[in-house]
Amino acid sequence: MHKYRLAFIVLLLHLTGFTVTAQTQSSWVRINLLGYKPGSPKVAVWCSKENITITGFSIIDAASGKTVFAGKTGKAYGGYGPFTQTRRLNFTAFTNPGRYIIKAGEATSPEFTIGADVYKGAANFCLRYMRQQRSGFNPFLKDSCHTHDGYTLYGPMPDSTHIDVSGGWHDASDYLQYVTTSANATWHLLAAGRDFPGAFGDEHLANGLPGKNNQLDVLDEARWGLNWLLKMHPRSNWLFNQIADDRDHHGMRLPKEDSFYGRGFERPVYFCTAQPQGFGKYKNRSTGLASTAGKFASAFALGAVLFQDTLLQNRALSAWALGVENPGVCQTAPGRSPYFYEEDNWTDDMELAGASLAAMNAAKKKICNGSPGLCKKRDNNALAGR
Ligand SMILES: [Ca+2]
Ligand SMILES: [Ca+2]
């Protein structure tokens with residue numbers, strides 16, 4: 001019995017000591033966790049919860065423990081977030097590859113790397129998050145969710161008309177789905193695949209499960225986005241803006257058991273009307289369609305080029321036309337909470353759309369000049385699919 005009591009006291013002392021150590025730490029050094037390339041700018045940030053100051057820092061070789069670089073801190077930046085004082089630690093001048101630790105005052109950084117290949121695989125790795133966010137079939141869970149979406153609101157059809165808009169990605173770690181964020185993500189995935197194909201692999205199928213399908217995974221992911229956007233712009237004069245609203249935030253539930261909207265597992269699908277919307281006390285300040293229409297058009301136009309798809313081409317043109325006819329912003333719809341995506345500019349979206357359409361038309365001209373019959377056949381197929 002005595003033995004156990006002693007062990008308990010030793011454990012208690014150990015825990016107490018640990019707690020005191022954690023509580024007394026008041027400053028930290030934050031680094032780029034991926035590391036730094038030898039020739040790139042290199043900055044860490046020292047931050048403290050006390051109003052103290054430091055004037056210098058040192059870099060220590062992780063293996064030998066020797067100081068290999070000494071630097072002066074930048075000017076005091078003052079408070080930021082939970083911190084009272086912050087300073088930048090610039091060590092761009094230090095270019096030797098290796099594993100290091102930064103020591104600044106009482107704070108020590110985690111170990112980090114300086115090396116030519118520190119970013120290798122990073123872009124491809126980020127696609128894991130996109131696959132985890134997939135709505136409809138989710139390859140991370142190997143299960144499907146939100147397959148009942150959804151019922152319409154604000155549209156030209158009677159409210160609560162069912163329309164199939166299952167697919168796309170959940171937004172920001174909740175289950176909401178927006179065109180404004182999804183079309184933006186889709187365009188960037190397409191552009192990344194176009195401009196940096198060597199940064200991505202082919203280790204997943206179109207549905208996100210492991211496998212090879214002779215298509216870069218970044219373009220598989222972009223295609224997943226485009227397929228959903230086509231459902232959200234199903235006719236040349238119909239644009240939908242979002243699925244679900246802030247009732248989403250009222251509690252935790254499994255994605256396939258999302259019954260927060262009073263119609264089984266269906267969720268509301270908001271039509272873009274160029275007017276303020278919001279089912280509860282709060283309304284957005286929508287004035288037009290162009291911010292959303294422009295994002296649709298730019299994603300479809302770039303997708304049309306990369307996938308040689310005339311349905312995407314036609315949808316790019318129809319979304320563009322709706323944006324031209326309805327200048328203004330199309331904000332997301334709130335409900336019981338006052339916050340929503342308060343986008344106040346639309347010209348940037350129409351500019352990107354215009355540039356993307358010009359590139360699409362130039363690419364089409366090139367293809368059609370080479371094979372006019374193929375273009376005619378594709379256009380007919382696209383029209384039949386409308
Ligand atoms: Ca693939
Ligand atoms: Ca904008």
Side-chain angles (χ1 to χ4, degrees), residues 121 123-134 136-140 142 167 169 171-172 178-194 196-227 229 232-233 239 241-242 272 274 276-277 284-303 306-309 316 319-320 322-333 339-357:
N124 205 45
F125 181 85
C126 291
L127 295 175
R128 290 172 58 148
Y129 182 73
M130 300 303 288
R131 286 191 290 270
Q132 284 177 12
Q133 292 300 109
R134 284 194 187 194
F137 178 71
N138 184 295
F140 185 74
K142 296 186 177 62
W169 300 286
D171 178 70
Y178 300 106
V179 167
T180 187
T181 49
S182 300
N184 180 53
T186 300
W187 192 91
H188 281 92
L189 289 167
L190 291 165
R194 177 194 63 187
F196 303 100
F200 299 97
D202 176 19
E203 293 152 10
H204 292 82
L205 305 172
N207 66 5
L209 290 174
K212 288 184 189 298
N213 62 349
N214 295 319
Q215 178 157 274
L216 291 178
D217 296 343
V218 70
L219 294 182
D220 288 327
E221 208 56 37
R223 185 75 229 193
W224 183 260
L226 287 169
N227 289 347
L229 292 171
M232 297 294 275
H233 181 33
L239 287 185
N241 201 33
Q242 72 186 56
C272 299
Q277 294 180 357
N284 64 22
R285 301 185 305 277
S286 289
T287 57
L289 302 182
S291 62
T292 294
K295 291 189 185 74
F296 265 117
S298 55
F300 287 147
L302 185 49
L306 297 184
F307 292 109
Q308 294 289 300
D309 183 328
W320 166 260
L322 289 171
V324 170
E325 289 161 17
N326 299 275
V329 291
C330 182
Q331 300 180 339
T332 65
Y339 46 81
F340 48 92
Y341 286 145
E342 301 177 64
E343 183 173 13
D344 272 326
N345 58 8
W346 56 269
T347 52
D348 54 345
D349 305 297
M350 289 299 280
E351 283 167 3
L352 180 61
S356 302
L357 283 167

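Worth saying up front: this structure is predicted, and the values here are computed from it rather than measured. Reckoned from all heavy atoms, side chains included, excluding hydrogens, waters and symmetry mates. All ligand and atom numbering here is 1-based and tracks the order in the structure. We count residues from 1, following the sequence as given.
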Examine D349 and say whether one of its N/O/S atoms is closer to the Ca ion (ligand 2) than 3.0 Å.
yes
Will you find, in the side chains of D349 and S291, an N or O donor that is under 3.5 Å from an N or O acceptor?
no
Under a 3.5 Å cutoff, is there a donor and acceptor pairing between the side chains of D217 and N124?
no
Judged by modelled atom types alone, do Y178 and N184 share a side-chain donor-acceptor pair under 3.5 Å?
no
State, to the nearest 10 degrees, the angle whose vertex is the Ca ion (ligand 1) and whose arms point to OD1 of N213 and OD1 of D217.
170°
D202: which N/O/S atom is nearest the Ca ion (ligand 1)?
OD1
Tell me whether the Ca ion (ligand 2) has N345 as a neighbour, meaning an N, O or S atom of it below 3.0 Å.
yes
Report the atom name of the nearest N/O/S atom of H204 relative to the Ca ion (ligand 1).
O
Strictly by modelled atom types, are Q277 and N284 linked by a side-chain donor-acceptor pair under 3.5 Å?
no
Give a yes or no on whether Y129 atom OH has more than 12 heavy-atom contacts from other residues, nucleotides or ligands under 6.0 Å away.
yes
If I take the Ca ion (ligand 1) as the centre, what angle separates the OD2 atom of D220 from the O atom of Q215? Nearest 10 degrees is fine.
100°
Would you call K295 and E343 a salt bridge, taking side-chain N to carboxylate O under 4.0 Å as the test?
yes
Shortest-distance N, O or S atom of E343 relative to the Ca ion (ligand 2)
OE2
